[in-house]
Undergrad: 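First, the structure itself, so that you have it in front of you.
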Amino acid sequence: MDGGGQYNPRTVEEVFRDFKGRRAGMIKALTTDVEEFYQQCDPEKENLCLYGFPNEQWEVNLPAEEVPPELPEPALGINFARDGMQEKDWLSLVAVHSDAWLLAVAFYFGARFGFDKTDRKRLFTMINDLPTIFEVVTGTTKKQAKEKSSVSNHSSNKSKSGSKAQQRGSELGKFAKGMPAKDEDDVVDEEDEEEHGETLCGACGENYAADEFWICCDICEKWFHGKCVKITPARAEHIKQYKCPSCSNKRARP
């Protein structure tokens, strides 16, 4: 079922790469592929788990049959709670358990291949630099950025154009936070590197990188890399109200 039995990452860098791949797959299930994920988690089926794979893919499947399994198991029975709570709360709950599973898998490899104190600390630091799946799914980091922007009197910068699509360079006002007075060029550089870093793509969960085109969903107000949602700057110019894949699917769901 899982690729864990076919290869074993043995260095900190390999384990971190494995972590990032599995994380990307699970984020995809809970954001861009949420409609498909929702349908697969049928409460009428047996105990189901959400698996993330190193190749950035995901799968809803039964738990491993062998005891103990090759890798730690994800949370069992996520499908049973699907219809018992609001969808956003259910997705958030799955996200929390997915974060816990990813850490368990990473440190399983660390324990199996004898990572020492320094390696374990380095691995955790690398993992901790990434936002959690829960933060990506709920937009927690983005909400914090918005609160800071309102304190800086930039909240009025909510896009006046219909699509809110723009080059990231023009978003300094929306995501800026209070900073000590410095040379103007230094302030712009720091805002570009640090403040944009708080904004995460709702599809892949990665941070802003210079010269990338991003677009914001008018419904959930999450930002996305244009390439992740297949929107180009030229196409965005003609979109009056942009809906991300997740919000578009929700409208179609009975």
Side-chain angles (χ1 to χ4, degrees), residues 1-34 37 40 47-78 91-142 193-194 196-209 212 225 227-228:
M1 180 188 302
D2 190 283
Q6 299 173 8
Y7 88 109
N8 288 302
R10 294 171 180 268
T11 67
V12 171
E13 288 72 23
E14 287 175 347
V15 172
F16 182 60
R17 195 178 309 122
D18 179 272
F19 176 93
K20 284 183 67 177
R22 295 177 190 276
R23 172 180 171 276
M26 300 178 103
I27 287 176
K28 192 181 299 181
L30 297 171
T31 56
T32 54
D33 297 345
V34 68
F37 172 67
Q40 288 191 27
N47 273 308
L48 294 177
C49 303
L50 171 60
Y51 291 90
F53 298 129
N55 63 356
E56 301 188 4
Q57 299 301 311
W58 61 273
E59 178 183 65
V60 172
N61 211 329
L62 298 170
E65 293 182 2
E66 67 269 20
V67 178
E70 171 68 17
L71 294 179
E73 287 289 359
L76 298 177
I78 58 173
L91 291 174
S92 297
L93 183 62
V94 175
V96 168
H97 285 293
S98 298
D99 282 319
W101 179 69
L102 287 177
L103 284 172
V105 171
F107 281 87
Y108 160 82
F109 286 128
R112 179 168 180 177
F113 296 110
F115 286 10
D116 61 18
K117 179 180 179 180
T118 301
D119 284 342
R120 292 195 304 272
K121 184 176 181 179
R122 187 155 65 94
L123 175 60
F124 180 77
T125 299
M126 294 167 73
I127 289 173
N128 203 38
D129 282 340
L130 293 174
T132 63
I133 297 177
F134 176 80
E135 288 173 332
V136 173
V137 170
T138 61
T140 301
T141 307
K142 190 148 326 120
E193 292 177 9
E194 296 178 11
H196 287 171
E198 294 185 1
T199 307
L200 310 172
C201 175
C204 69
E206 296 298 328
N207 293 337
Y208 157 77
E212 285 186 317
H225 290 106
K227 62 184 180 182
C228 288

Undergrad: Is any side-chain heavy atom of H97 less than 4.5 Å from a side-chain heavy atom of I133?
TA: no
Undergrad: Do N47 and L62 make a side-chain contact, defined as non-hydrogen atoms from C-beta onward lying under 4.5 Å apart?
TA: no
Undergrad: Which heavy-atom pair separates T32 from A203 by the least distance, and what is that distance?
TA: CG2-CB, 3.4 Å
Undergrad: Mind running side-chain contact (heavy atoms from CB on, under 4.5 Å) on N8 and E70 for me, showing each step along the way?
TA: CA-CA 11 Å; N8 288 302; E70 171 68 17; 4.0 Å; yes
Undergrad: What is the distance from atom CG of L30 to atom CG of L91, rounded to the nearest 0.5 Å?
TA: 6.0 Å
Undergrad: What closest approach, in Å, do A104 and P72 show between heavy atoms, and which atom pair accounts for it?
TA: O-CG, 3.8 Å
Undergrad: Supply the atom-to-atom distance R112 CZ to R10 CZ, rounded to the nearest 0.5 angstrom.
TA: 7.5 Å
Undergrad: Is it true that atom NZ of K20 has more than 12 heavy atoms of other residues, nucleotides or ligands lying nearer than 6.0 Å?
TA: no
Undergrad: Specify the closest pair of heavy atoms between A106 and L123, including all atoms of both residues, with the distance to one decimal.
TA: O-CD2, 4.0 Å
Undergrad: Side-chain contact, heavy-atom cut-off 4.5 Å: L76 with C49?
TA: yes
Undergrad: Nearest heavy-atom pair of S92 and T138: which atoms, and what distance?
TA: OG-CG2, 3.2 Å
Undergrad: Rounded to the nearest 0.5 Å, what separates atom CZ in F107 from atom CZ in R120?
TA: 8.0 Å
Undergrad: So, do E73 and Y51 sit near enough that their side-chain heavy atoms are less than 4.5 Å apart?
TA: yes
Undergrad: Does a side-chain heavy-atom distance below 4.5 Å link L71 with F109?
TA: yes
Undergrad: For the residue pair R23 and C204, what are the closest heavy atoms and their distance?
TA: NH1-O, 4.2 Å
Undergrad: Decide yes or no for P54 and E14: does some side-chain heavy atom of the first lie under 4.5 Å from some side-chain heavy atom of the second?
TA: no
Undergrad: With sequence neighbours excluded, tell me which residues meet side-chain contact (heavy atoms from CB on, under 4.5 Å) with I78.
TA: F37, C41, L50, A75, V94
Undergrad: Taking K28 for the side chain and W58 for the main chain, is one N or O donor matched with an acceptor at less than 3.5 Å?
TA: no
Undergrad: Which of these, L130, L200, V136, sits in a side-chain contact (heavy atoms from CB on, under 4.5 Å) with E206?
TA: L130
Undergrad: Looking at Y108, I want to see if its OH is surrounded by more than 12 non-hydrogen atoms of other residues, nucleotides or ligands under 6.0 Å.
TA: yes
Undergrad: Which atoms form the tightest heavy-atom contact between T11 and F115, and what is the distance?
TA: C-CZ, 3.6 Å
Undergrad: Can you tell whether the side chains of D18 and R22 come within less than 4.0 Å, N to carboxylate O?
TA: yes
Undergrad: Are the side chains of M26 and W101 in contact, using a 4.5 Å heavy-atom criterion?
TA: yes
Undergrad: Considering residues at least two apart in sequence or located in another chain, which fulfil the salt bridge (Lys or Arg N to Asp or Glu O under 4.0 Å) criterion with E13?
TA: R122
